[in-house]
Amino acid sequence: NGDGNADITDDACGDLPNITMRKDFGSAVPNGNGTYTVTYTVAVSNNGGASGAYTLKDTPSFDNDVTINSGTYSGQAGGSMSTSGTTTLATNAAIAAGATHTYFITFNVSLNLAPGSPDGGDNTYTPCQVPGNGPGSSPNQGLYNRATVDTDNDGDTDITDDACGDLPNINMVKNFVGAVPVGNGTYNVTYNIVVSNPGTVAGTYGLKDTPLFDNDVTINSGSYSGQASGSMNISGTTTLATNAAIAAGASHMYTVTFNVSMNLTPGSPGGDNIYTPCAVPGNGPGSGPGQGLFNRAELDVNGDGNADITDDACGDLPNLTMRKDFVSATVKPDGTYDVTYNIFVTNTGGATGTYTLKDTHAFDDDVTVNGGSYNGGLICCGTFFNTFTGDPGTLTLISNTSLGAGLTDVFSITYNVSLNLAPGSTDGGDNVYTPCA
């Protein structure tokens, strides 16, 4: 009526769809054959007021040492997952207002961290930076997996959500501790093995240990202790653990000890009587079977019975030998003799050894010792010279001196002696000279 006020009003209201998507990591379950079953859930919801449509894609971007053996999806739709790229789970799928479509994604995967493995990875497992369903992880970490949704059918991604789970990240380090002489010609040789799980998921492992010593080293006995205990096989491989559970963040230590002997005497049975030292003594790579005290540990992290991680350590034994030579018996103007011997102490082993050297004469009973001298040239300490008067009995030439691998200490000892075969002499002998056999 022209008065500026509305006399009749009418309105209209329409709705839009509002499509959302959430992706969650489910679990990673070992199958006992070296593989794991890895699951995820993807939920596409329409909390708008009108029907809509969407295209859903899923892309696994796992650590590069994880191999996808197979994969499937089920739920709202079903089919096979690509093992090497993106899978389209739905194309322009209609979804009613208020509805939710749920997809279940399953992969069968293997993890191989063994050096030289053909999976193309770097043999170093990179865990999720932020395990679970929150943001923060990235491709090539753990079991990182990304889903994308196109809500307007333009071919571009409108919604992205990711999830990241981990496989057990079990590692192993083996170290040589030492070889200690125990006083009866044998050595106690000790190694430590540490199995650790720095990841965020509990796991299981199998652990084996194999001594591969120089063939002149005999294993008399062996034992292991720590996380588990028992006797070591003295002629082959010992299984220290089978399917042992290890929590996330935990470490298990094993101490392996062998009692060993070494015999390099020509003609001794078993070895070649030539000691082969470690190419790289200690815990680094480089040594091999048949060298020194080379010892290898093998870790199976996925239950397939094959070694996934191998570490070795190599230590050496000393091998001290001694040779004594007669040099001469020289007559002096006073009718006595200077009788000289040389002694050589050599370390043919691969580690520094310690020795004490004594000399005992046992001459014919008509030979009297008047005095003498002895000297030495020691690798550790240079030369020395000592004299003695009368019969010293047993002489200690050196005590507790060290000698490095491949080195020789040289000694010389001279006795000044008299020989008296006259009947009734007072030397205590039988007046009959008995020559060397």
Side-chain angles (χ1 to χ4, degrees), residues 113-115 123 170-198 204-244 246 250-263 270-271 275-301 305-319 349-354 405:
L113 301 176
N123 301 318
I170 302 174
N171 300 313
M172 181 265 292
V173 174
K174 177 162 194 174
N175 291 328
F176 174 73
V177 177
V180 179
V182 292
N184 58 353
T186 69
Y187 294 81
N188 283 342
V189 181
T190 304
Y191 307 82
N192 283 338
I193 304 173
V194 179
V195 180
S196 60
N197 182 6
T204 60
Y205 66 90
L207 179 64
K208 296 180 179 181
D209 186 89
T210 307
L212 299 164
F213 300 162
D214 177 278
N215 58 19
D216 293 297
V217 176
T218 299
I219 301 175
N220 304 311
S221 62
S223 62
Y224 63 97
S225 60
Q227 182 66 27
S229 60
S231 297
M232 297 296 294
N233 182 355
I234 63 173
S235 61
T237 298
T238 301
T239 298
L240 279 64
T242 302
N243 291 327
I246 183 168
S251 293
H252 294 172
M253 177 177 284
Y254 298 79
T255 299
V256 176
T257 302
F258 295 100
N259 178 264
V260 304
S261 306
M262 181 163 67
N263 191 347
Y275 181 77
T276 304
C278 303
V280 181
N283 305 318
S287 297
Q291 297 177 1
L293 299 170
F294 181 85
N295 190 262
R296 175 182 292 149
E298 297 173 308
L299 187 73
D300 174 15
V301 299
N306 298 319
D308 300 295
I309 299 174
T310 299
D311 194 23
D312 53 53
C314 192
D316 281 304
L317 292 174
N319 186 56
T352 297
T354 302

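On a predicted model such as this, the values are computed, not experimentally measured, just so you know.
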Exercise. Anything under 30° is parallel, anything over 60° is perpendicular, the rest tilted; go ahead and classify Y191 against F213.
Key: parallel
Self-check item: Distance-minimising heavy-atom pair for D311 and N283
Solution: OD1-O, 4.5 Å
Self-check item: Nearest atoms (heavy-atom pairs only) where A279 meets G286
Solution: CB-O, 3.6 Å
Self-check item: Separation between CD of Q291 and CG of D316, rounded to the nearest 0.5 Å
Solution: 9.0 Å
Quiz prompt | Nearest atoms (heavy-atom pairs only) where I234 meets S221 | solution = CG2-CA, 3.8 Å
Quiz item: Do S287 and D312 meet the criterion of a side-chain donor-acceptor pair at a distance under 3.5 Å?
Solution: no
Quiz item: What are the two closest heavy atoms between M253 and V194, and how far apart are they?
Solution: CE-CG2, 3.7 Å
Quiz item: If every non-hydrogen atom of P318 is compared with every non-hydrogen atom of G353, which pair is closest and at what distance?
Solution: CB-CA, 3.6 Å
Exercise. State whether the side chain of T276 and the backbone N or O of D214 hold a donor-acceptor pair below 3.5 Å, judged by distance alone.
Key: no
Quiz item: So which pairs with a foot in residues 276-298 pass ring-ring contact (aromatic ring centres under 6.0 Å, His included), sequence neighbours left out?
Solution: none
Self-check item: Side-chain heavy atoms of L293 within contact of V217, under 4.5 Å
Solution: yes
Quiz item: What's the spacing between N233 CG and T210 OG1 if we round to 0.5 Å?
Solution: 8.5 Å
Quiz item: Between the side chains of T186 and N259, does any donor sit under 3.5 Å from an acceptor?
Solution: yes
Quiz item: What are the two closest non-hydrogen atoms of L207 and V195, and how far apart are they?
Solution: CD2-CG2, 4.1 Å
Quiz item: Just how far is it from atom CD1 of I309 to atom CD of E298, taken to the nearest 0.5 Å?
Solution: 11.5 Å
Self-check item: Side-chain donor or acceptor of Y187 paired with backbone N/O of M262 under 3.5 Å
Solution: no
Quiz item: For D209, what residues pass the side-chain contact (heavy atoms from CB on, under 4.5 Å) criterion, not counting sequence neighbours?
Solution: K174, I193, P211, M232, L240, V256, F258, N295, A297
Quiz item: Does a side chain donor of either D308 or Y205 reach within less than 3.5 Å of an acceptor in the other side chain?
Solution: no
Quiz prompt | Inter-residue atom distance N192.CG - N175.CG, 0.5 Å rounding | solution = 7.0 Å
Practice problem: Before giving the answer on side chain to side chain donor-acceptor pair (under 3.5 Å), spell out for S261 and N220 the whole-Å C-alpha distance, their side-chain angles and the decisive distance to 0.1 Å. | Solution: CA-CA 7 Å; S261 306; N220 304 311; 2.9 Å; yes
Self-check item: Pairwise distance OG1(T239) to OH(Y224) - rounded to 0.5 angstrom
Solution: 8.0 Å
